[in-house]
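A quick write-up on the structure given underneath.
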Amino acid sequence: MTRLKVRPIRKSSISDDIVQQIITLISNGDLKAGQRLPSERDLCVKFAASRSSLREALRCLSIMGVLSARPGEGTSVAMDGSKFMETVLHWRMSTEQHDIEDLMEVRMALEGVTAASAARNAQPADLKKLQDLVAKMDESIDDAKRFAALDLEFHLGLARASNNKLILDLVSVIRGQLERGVAKVLQLPHAMPLSVREHKDILQAIVDHDSEKARAAMQTHLNAAVLRHRSAVEESLRQDA
């Protein structure tokens, strides 16, 4: 029988307290990825909580991606915590005001590391995918929607090539939050041809396995993207005036 260090619930928000305790148990290692939780009956006794309150808490944690519940197999700690992190970050970014340039600043730091790591770790299959994506971007400079999708896939491909799953999760969340800003930038004249050239520079550094050159090329690209975003905002303000 699994021995968990839990305490009876004494707060009015019983399910919230159960959620917090289970997250704490996972954080401190008392519950590990893939580990099955005790039965509902045992958990109700340990928490001194009703079955309805316990089920509400477990359902909440399952929706968040912290727990995995399968009929006939009980409830266990999720093997992959990326859904939980993505849910939390998406919620935080959706409910708080974030300036596009603030997000770009975070992206610069993160994707500089991503590019450097990809230069060290990219495999031939990764390079082939990135080369195909840049070629398709070059062919799509008259189609902003397709270009933006390929741009996103290129940056996610770099994150995959970094061989660091946490980097991939973070790039996915931040890049997703920037999609509307990217769409506005691509409306500027010459934005897409310039972006293709910058992506080619990043790719060449990755192919050369030159991590510092890759980091610098990514910083150059993202700095240029910030300047293009400012120009797009100014143009939008002029049109609205």
Side-chain angles (χ1 to χ4, degrees), residues 82 85-86 89-90 93 98-141 144-233:
S82 62
M85 181 179 68
E86 184 174 342
L89 288 177
H90 271 307
M93 289 184 176
H98 290 278
D99 186 270
I100 289 292
E101 293 193 17
D102 287 344
L103 289 172
M104 286 296 292
E105 186 175 344
V106 174
R107 189 180 169 202
M108 284 181 204
L110 176 62
E111 294 209 52
V113 173
T114 302
S117 183
R120 291 191 297 270
N121 299 318
Q123 300 300 306
D126 297 319
L127 297 177
K128 178 64 167 59
K129 289 178 182 177
L130 294 170
Q131 288 166 335
D132 289 346
L133 286 167
V134 171
K136 290 176 181 177
M137 289 172 71
D138 208 358
E139 297 168 356
S140 305
I141 56 175
K145 184 175 180 180
R146 176 168 168 74
F147 189 94
L150 291 167
D151 186 320
L152 171 59
E153 190 54 41
F154 177 86
H155 286 271
L156 294 177
L158 278 184
R160 293 187 189 98
S162 74
N163 199 32
N164 185 322
K165 197 168 187 310
L166 182 57
I167 283 179
L168 175 59
D169 292 336
L170 291 171
V171 168
S172 299
V173 173
I174 293 174
R175 184 60 173 76
Q177 292 294 317
L178 291 167
E179 283 190 31
R180 274 185 288 181
V182 169
K184 182 179 292 186
V185 167
L186 294 180
Q187 295 171 9
L188 289 175
H190 310 303
M192 286 182 280
L194 289 171
S195 183
V196 169
R197 185 185 309 165
E198 292 156 10
H199 282 80
K200 287 180 178 178
D201 289 341
I202 296 168
L203 178 58
Q204 188 58 56
I206 303 294
V207 170
D208 293 340
H209 297 290
D210 188 330
S211 59
E212 288 308 311
K213 185 178 176 182
R215 187 195 304 270
M218 179 62 77
Q219 295 286 350
T220 297
H221 166 55
L222 294 178
N223 277 320
V226 169
L227 294 177
R228 287 195 285 269
H229 179 262
R230 289 175 185 169
S231 296
V233 170

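If you read the sequence from its start, that first residue is 1, and numbering goes on from there.
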>> Suppose we screen for salt bridge (charged side-chain N to carboxylate O under 4.0 Å, His left out). Which residues come up paired with Glu212, at least two apart in sequence or across chains?
In response: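 Testing Glu212 for salt bridge (charged side-chain N to carboxylate O under 4.0 Å, His left out), a comparison that skips the adjacent residues, returns Arg215.
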
>> Taking salt bridge (charged side-chain N to carboxylate O under 4.0 Å, His left out) as the definition, give me every residue that meets it alongside Arg120, ordered by chain and number, with sequence neighbours left out.
In response: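 If we apply the salt bridge (charged side-chain N to carboxylate O under 4.0 Å, His left out) test to Arg120, skipping adjacent residues, there are no hits.
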
> If every non-hydrogen atom of Ala116 is compared with every non-hydrogen atom of Ser211, which pair is closest and at what distance?
Replying inline: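 What the structure gives for the nearest pair is O-CB, 3.4 Å.
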
> Applying the side chain to side chain donor-acceptor pair (under 3.5 Å) test to Glu153, which of Lys136, Lys129, Arg160 qualifies?
Replying inline: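 Testing each of Lys136, Lys129, Arg160 against Glu153, the sole residue satisfying side chain to side chain donor-acceptor pair (under 3.5 Å) is Arg160.
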
> Which residue pairs pass the ring pair (Phe, Tyr, Trp, His ring centres under 6.0 Å) test with at least one member in residues 186-205, sequence neighbours excluded?
Replying inline: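 Passing the test, one end in residues 186-205: Phe154-His199, His155-His199, His199-His221.
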
Distance (rounded to the nearest 0.5 Å) between [X] [atom1] and [Y] [atom2]:
X      : Y      : atom1 : atom2 : result
Leu130 : Leu156 : CG    : CG    : 10.5 Å
Leu222 : Glu111 : CG    : CD    : 5.5 Å
Ile202 : Lys200 : CD1   : NZ    : 13.0 Å
Leu203 : Leu158 : CG    : CG    : 8.0 Å

>> I'd like to know if the side chain of Asn121 reaches the main chain of Ala161, judged simply by a donor and an acceptor atom lying under 3.5 Å from each other, with no hydrogens or angles considered.
In response: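 Between the backbone of Ala161 and the side chain of Asn121 there is no qualifying donor-acceptor contact (under 3.5 Å).
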
Run the side-chain hydrogen bond (donor to acceptor under 3.5 Å, both in side chains) test against [X] and tell me which residues pass, sequence neighbours left out.
X      : answer
Asn223 : none
Ser140 : Arg146
Lys128 : Asp132
Asp208 : Gln204

> Which residues pass the side chain to side chain contact (heavy atoms under 4.5 Å, CB included) test with Ala214, sequence neighbours left out?
Replying inline: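 Expected list: Ala115, Ala119, Ala205, Ile206.
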
> Which residues satisfy the side chain to side chain contact (heavy atoms under 4.5 Å, CB included) test with Ala159, sequence neighbours excluded?
Replying inline: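 So Ala159 forms a side chain to side chain contact (heavy atoms under 4.5 Å, CB included) with Thr114, Ile167, Leu168, Val171.
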
> Going by the salt bridge (Lys or Arg N to Asp or Glu O under 4.0 Å) test, which pairs reach into residues 218-229, not counting sequence neighbours?
Replying inline: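 Qualifying pairs: Glu198-Arg228.
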
> Quick one: does Leu166's side chain get under 4.5 Å of Leu170's, heavy atoms only?
Replying inline: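 With C-beta onward as the side chain, the pair touches.
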
> Going through the distances and angles, do Met192 and Asp151 end up as a side-chain contact (heavy atoms from CB on, under 4.5 Å)?
Replying inline: CA-CA 10 Å; Met192 286 182 280; Asp151 186 320; over 6 Å; no

